[in-house]
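Here is how names work: the chains are called A, B, and so on, in the same order as the sequence lines, proteins then strands, and each is numbered from 1. Side chains are part of it too, since the values below use all heavy atoms of this structure and drop only hydrogens, waters and symmetry mates. This structure is a prediction, so every number in the text was calculated from the model and none was measured.
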Amino acid sequence: VPVGVAPAQNAEQALQESRQRYEALFGQMLEGVAYCQLLFDEAGQPADWIYLEVNPAFEALTGLRDAAGKRVTEVIPGVRETNPELLEIFGRVAQTGVPEQFETYLPALERWFSVKVYRPQAAHVAAIFENITERKRAAELVQTARDHLEEAQRLAHLGSWDLDLASDKISGSAEFFRLFDAVPEEILRYAQFAERLHPDDRERVDRDVAEALAANRTYDTEYRVRLRDGGWRDINALGHVVADADGKPLRFVGTCLDITEHKRADEELRVSQARYKTIVDNIPQKVYVKGPDLRWASVNGLLARDFGLRPEDVVGKTNRELFPQDLADKYSADDQRIIEAGATEEFDEEYLDQGERRMVHSIKTPVRDDSGTIQGVLGVFWDVTDERRAQDELRASNERLRRLVDSSVFGFTVSRADGSILEANDYFLDLVGHTREELERGEIDWRTITPVEWLPADERGLAEALEGGTCAPYEKEYLRPDGSRISVLLAYAYLSDSEDRAVFVLDISERKRAESQLKRALKDLAAVNAELEDRVKARTAALEAANRELEAFSYSVSHDLRAPLRSVDGFSKILLQDHGEQLDAEAQRVLGVVIRNVGQMGRLIDDLLAFSRVSRKELERQPVDIDRLARSVSEELRAAEPERAIEVDIGPLGGTLGDSGLLRQVWVNLLGNAFKFTRPAERPRIEIRCEQGAGERRYSVTDNGVGFDAAYVDKLFQPFQRLHSTSEFEGTGIGLAIVARIVQRHGGRVWAEGASGQGATFGFSLPTGKEKT
Amino acid sequence: MNTEPTEILLVEDNRDDVELTLRALRTHNLANRVKVVGDGVEALDYLLPAGDASAPPDGYPRLVLLDLKLPRVGGLDVLRRLKTSEATRHIPVVVLTSSHEESDLVASYDLGANSYIVKPVDFEQFTKAVSELGLYWLLLNKVPV
């Protein structure tokens, strides 16, 4: 308490004056003053105090009346619990005498106080205090506002910063440092800030800052900030320059916004859009979007190609610009309707694809913005021309099948193994003699209308169909209501994935009747055949017997006829040899005639046998070099008459198919004749040729011999027919007959041309190609 | 000329042919030791008197002239027996026949005939053929002993 120094006239008066001044001061002070005596408990700890004296400001500031002379625990009940620091501090000051100052809030009074405590005397304290509740409230408001700002910055990921240009000192909000993943001490200067940027961004940010400062311009940039975990955070920084009145930049202030999420979202959107674009560009359907004005807004590449344009060039076009009027107007009407009705539609429509009208299936759906307002039409369509054509064809095919089933060509039913008939055409109903009404009432059971003896056939058919889906057609009979039977041929197939069978029934009654007639006829025929066969057998047997007889005869001729001849010849000659001298000339001549005729007869027999052999011998067909055969025979004949100079000219004759031995005989006989009949010729010449004819080869032997009288050409090839006398040319007349027989057996023919004295040509043919007998 | 006694068995039923044949053989002095039999049975009885057991009383002939058409047992059967019997299979057998039949010719050779001669109707030719074959088979041909 300040005490003025006054001249002391007397101590009493001085004291009196001092007390008055003191009381005036005490009473008029704005601060509250309380003079208190501390009370201690047994342990010496401050337990309470008594207000010895309080000034009027005390009452005004605390609202407590008549506190003087009362204990604080009386004046403010519960204060020991709510403000234990008061007793602690008052006790400490009372004991130590060291003044203390503090601020405290008394909940009971709902007031803040700034308190100074002194010790005027032992165990007493004087507390001088101010009510600072208003100040405290204002500070609290500021703090709250600051907290809100910080919270807002934190929530918004928005930090604020301030660069003092003169001192190069950075200050920032808590969020600013959080965004930089740093404590304030780590970013004090610009260089420390710049260090934390992505190396690729640093130069650009430096440049942006410099430009903003130089031009006093708003600063707006993006950069990446390195985080402690090595990751990066995307920041959008905004700033502006604060200058003094002269325009000199003082500070650079601004904000940092975390845009990592935006970036990620942007990227996701970009990827998603790219994905969508990829899909749209690659799906086999054509896709477009038209705006509310029906102008084209977007198309995929596939669709743009139809117009011969790039997708971006289609944008903005109208239907009429892209399509013939009839199509364009139809499309516009559809688009308009969908925009107005707001409903998706799906239909087939015509489309012009590279100048060709095609059928497409089209889906059009309204496009809405976020508010649900229709902003246009999204369309997807694809070519269904072939599909529709196939469907049409299937329909037509089904229709044809239906007509076939309905036609009166065969009976048709759909039935089940249990006997029920689900469907039947009229033809079937007529066949079995029932009405459609009976069918519809379920009164026709195919087992009932089948004679019992035919049921096993049905069983077999069913088993077969169960195995392989279908059964081979089989015959059976149906029983008609009038008791008559009808023969049918039927076959069936299981309809896919069901126990229903499609049954086809063919009326074969007529055929059956015809068959039985045919059977009778065949039976008759068989009888006739058997008889014929018997006859043929008999004839064959007779023929075989005749053949055997002929063979026996030939053998006899060969053996038995020759033996007596030999005897006649032999003994005639013995007679001549042994007894010639006893015979006169006439007898010898006669004997000579006998001997000559025996010789002739021997030759005749030999030739007859040869002819017979040629006829009977089995033909052995094999490839024959007929050319070589002719040359070899010719050489043999020439060797037999070495003294004769005969010119033999053999053209290429090739090969053929036949009996080598017999064909050799042909050459022997023909060439033998030629050699023989050219004996009188001055310069004998024989020419052998072959020429190809239709289906045959013709061989000829031409000589310049005596020839023959053409009038008798028919007789040439008959056995034992001679056109020359034996005395002129030896022989029996069998040679050409043998030739003819051999050639005939080969399927060929013989001929002869010539005239007396002008040579002759003998020819024969052999068939070529397919072997014939 | 070789004068060593020879043995020919002539199997022939035609007496005229026998005479002609012997005459032919005689021209070359080959007829001296000819034994003639008239049919197949006789021929086999002579050559194989008791099966294969013993030789003929006059010894085995050095040549058999065999006609095919014989009474009782035919020439081909005789040939088969001779050529399948160990004792006689080396004896040359010449078929001397009137038959021109290919089947006879083939059958004869199949059965092992050494030669097949068709008797010519002409006497000179016949004589020539018989005498030549006699000369060949008796004088020139060698057989294992």
*Does one side chain, of B/Q125 or A/R566, offer a donor that lies under 3.5 Å from an acceptor on the other?*
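A/R566 and B/Q125 do not have a side-chain donor-acceptor pair below 3.5 Å.
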Taking atom [atom1] as the centre, does [X] end up with more than 12 heavy-atom neighbours from other residues, nucleotides or ligands that are less than 6.0 angstrom away?
| X | atom1 | value |
| --- | --- | --- |
| B/R15 | CZ | no |
| A/K715 | NZ | no |
| A/E581 | CD | no |
| A/R628 | CZ | no |

*Taking all non-hydrogen atoms of both residues into account, name the closest pair between B/L20 and A/S567 and its distance.*
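Between these two residues, the closest heavy atoms are CD1-CA, 4.2 Å.
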*So does B/D122 pair up with A/K573, basic N to acidic O under 4.0 Å?*
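The answer is yes: the pair qualifies as a salt bridge.
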*Identify which part of B/E124 has an atom lying under 4.5 Å from any heavy atom of chain A, answering side chain, backbone, both or neither.*
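Its backbone and side chain both get close to chain A.
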*Pick from B/D17, B/T127, B/D16 with the largest number of heavy-atom pairs that fall under 4.5 Å of chain A*: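 If we count pairs closer than 4.5 Å to chain A, B/D16 comes out on top.
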*Any donor-acceptor pair under 3.5 Å linking the side chain of A/D569 with the backbone of B/F123?*
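A pair under 3.5 Å: yes.
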